[in-house]
There are 2 protein chains.
Amino acid sequence: MINENQPLQALTVLLRASQHIQEVIRKDMMPYGLNPTEFAVLELLYHKGDQPIQVIGQKILIASSSITYVVDKLVGKNYVTRVACAEDKRVTYASLTPEGRALIMTIFPEHKKRMEEVFEDVSLNELTHVIDSIKKIGYKAQSM
Amino acid sequence: MINENQPLQALTVLLRASQHIQEVIRKDMMPYGLNPTEFAVLELLYHKGDQPIQVIGQKILIASSSITYVVDKLVGKNYVTRVACAEDKRVTYASLTPEGRALIMTIFPEHKKRMEEVFEDVSLNELTHVIDSIKKIGYKAQSM
DNA sequence: TATATTTATCTCGAATTCGAGATATCTAAA
DNA sequence: TTTAGATATCTCGAATTCGAGATAAATATA
């Protein structure tokens with residue numbers, strides 16, 4: 001593969017790697033009865049605190065109507081509650097329940113280890129460069 | 001962000017970039033009435049020739065039952081036909097129709113240009129390293 | 001103040017993807 | 001040859017995601 005088709009090769013490699021990683025996450029979450037989106041929401045709330053539905057959608061790149069569905073699921077499993085915003089009555093926060101917090105505190109360290117595994121064949125120095133480059137690519141794509 | 005959480009940062013950056021790129025592709029294909037999966041199938045057939053349903057699924061990482069659905073859609077649009085395999089009667093090939101070939105021959109050069117745009121902020125040398133690293137990461141994830 | 005616009009969430013129906021199981025065919029082993 | 005297991009495709013129902021539109025609330029403008 002020479003330079004001519006480098007961007008297309010980069011595209012393929014990038015998208016396939018993402019799919020494989022997402023598959024790892026999907027399998028890791030299955031025993032907990034979570035899909036990757038539900039996990040992403042729990043992780044967001046755990047690390048960033050209560051978040052408006054709207055903001056969750058922006059952070060994990062999912063439409064607001066889809067977030068409503070995911071939060072419904074998590075509420076049904078008693079991992080999340082909806083909390084009305086006092087200042088702006090249009091806004092509803094999603095908030096971890098004690099059960100939700102306990103679950104994500106169990107899952108997250110395992111997830112972190114697994115991701116260290118995924119990236120273990122790439123040196124720290126290499127990974128730093130990769131992050132820089134992929135950031136540029138992501139920003140560019142976002143702006144298009 | 002120091003090294004402690006580098007793998008998690010890499011994960012986020014990688015998955016988000018992929019989502020943004022896929023969104024670019026989705027929007028680019030919309031005027032042609034194709035979704036990204038349908039485009040991926042047409043592109044595969046265009047570059048690799050007729051392919052068994054099964055193989056298409058492996059190449060674009062989609063379940064065989066989903067490929068059946070996608071190929072049905074493309075057959076309905078008259079871009080693809082099913083061709084029985086003479087040697088192995090279990091196998092059905094998907095094959096581009098003249099209309100399908102004409103369409104992908106129109107779309108593909110535009111797609112290529114767009115992807116060059118996506119990656120234009122990263123030098124060729126940089127991109128070579130990125131491809132190497134992401135390949136390693138993808139292989140690792142695939143093996144887990 | 002009254003009206004128009006924007007924003008946040010939700011409802012609803014459609015599209016896409018999946019997994020489990022069915023069917024037909026092929027291959028290997030007894 | 002017959003049987004058992006493997007393989008390729010498809011059917012079906014469920015899960016997930018989306019976009020369009022509805023509703024309520026906040027904000028900006030006349």
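Note that the structure is a prediction, hence the values are computed from the model and not measured. Naming: A, B, ... by sequence-line order, numbering from 1 per chain.
The backbone N or O of K59(B) sits less than 3.5 Å from a side-chain atom of R16(A), completing a donor-acceptor pair. Between the T92(B) side chain and the R82(B) main chain, no donor and acceptor come within less than 3.5 Å of each other.
Exactly one of K113(A), E116(A), R114(A) qualifies for a side chain to side chain contact (heavy atoms under 4.5 Å, CB included) with P7(B). That residue is E116(A).
Distance check: D50(B) CG to T81(B) OG1 gives 7.5 Å after rounding to the nearest 0.5 Å. Here the CG atom belonging to L103(B) is positioned 5.5 Å from the CG atom belonging to L34(B), to the nearest 0.5 angstrom.
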Before giving the answer on side-chain contact (heavy atoms from CB on, under 4.5 Å), spell out for V41(B) and Y79(B) the whole-Å C-alpha distance, their side-chain angles and the decisive distance to 0.1 Å.
-> CA-CA 10 Å; V41(B) 172; Y79(B) 295 143; over 6 Å; no

I134(A) and V122(B): side-chain contact (heavy atoms from CB on, under 4.5 Å), yes or no, with the steps?
-> CA-CA 9 Å; I134(A) 303 290; V122(B) 175; over 6 Å; no

Check the pair L61(B), H20(A) against side-chain contact (heavy atoms from CB on, under 4.5 Å), reporting the backbone distance first and the verdict last.
-> CA-CA 9 Å; L61(B) 300 184; H20(A) 287 304; 3.9 Å; yes

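Taking only side-chain nitrogens and oxygens, S66(B) never comes nearer than 4.0 Å to OP1 or OP2 of dT17(C).
Contact between Q51(B) and K48(B) at its shortest, heavy atoms only, is NE2-O, 2.9 Å. For I25(A) against P36(A), the heavy-atom pair with the smallest separation is CG2-CB, 4.4 Å.
Residue-level contact check: T92(A) touches the backbone only, with heavy atoms under 4.0 Å from sugar-phosphate atoms and none from bases. Within the 4.0 angstrom heavy-atom criterion, no nucleotide atom of any strand lies near I67(A).
Residue L61(A) contributes atom CG, which lies 14 Å from atom C1' of dC18(D) at whole-angstrom precision. Atom-to-atom, CD of Q58(B) to P of dC18(C) comes out at 13 Å; the value is rounded to the nearest Å. One can place CD1 of I56(B) at 12 Å from C1' of dT9(D), the figure rounded to the nearest angstrom. Rounded to a whole Å, the CD1 atom of I62(B) is 11 Å from the P atom of dG19(C). Put simply, CD on Q19(A) is 9 Å from P on dC18(C), counting in whole angstrom units.
Counting only Watson-Crick and G-U wobble pairs whose two key distances fall under 3.5 Å, DNA chain C forms stems of three or more stacked pairs at C:1-30 with D:1-30.
The side chain of Q54(B) approaches dT9(D) more closely than any other nucleotide in the set dA20(D), dT9(D), dT11(D).
Between S65(A) and S64(B), the residue anchored nearer the 5' end of DNA chain D, judged by the nucleotide with its closest heavy atom, is S64(B).
In the displayed structure, M105(B) atom CE is contacted under 6.0 Å by at most 12 heavy atoms of other residues, nucleotides or ligands.
For the segment residues 20-44 of chain B, residues with any heavy atom less than 4.0 angstrom from an atom of DNA chain D are, sorted by number, R26(B). At a non-hydrogen distance threshold of 4.0 Å, Y69(B), V70(B), K73(B), E87(B), D88(B), K89(B), R90(B) from residues 69-91 of chain B come into contact with DNA chain C.
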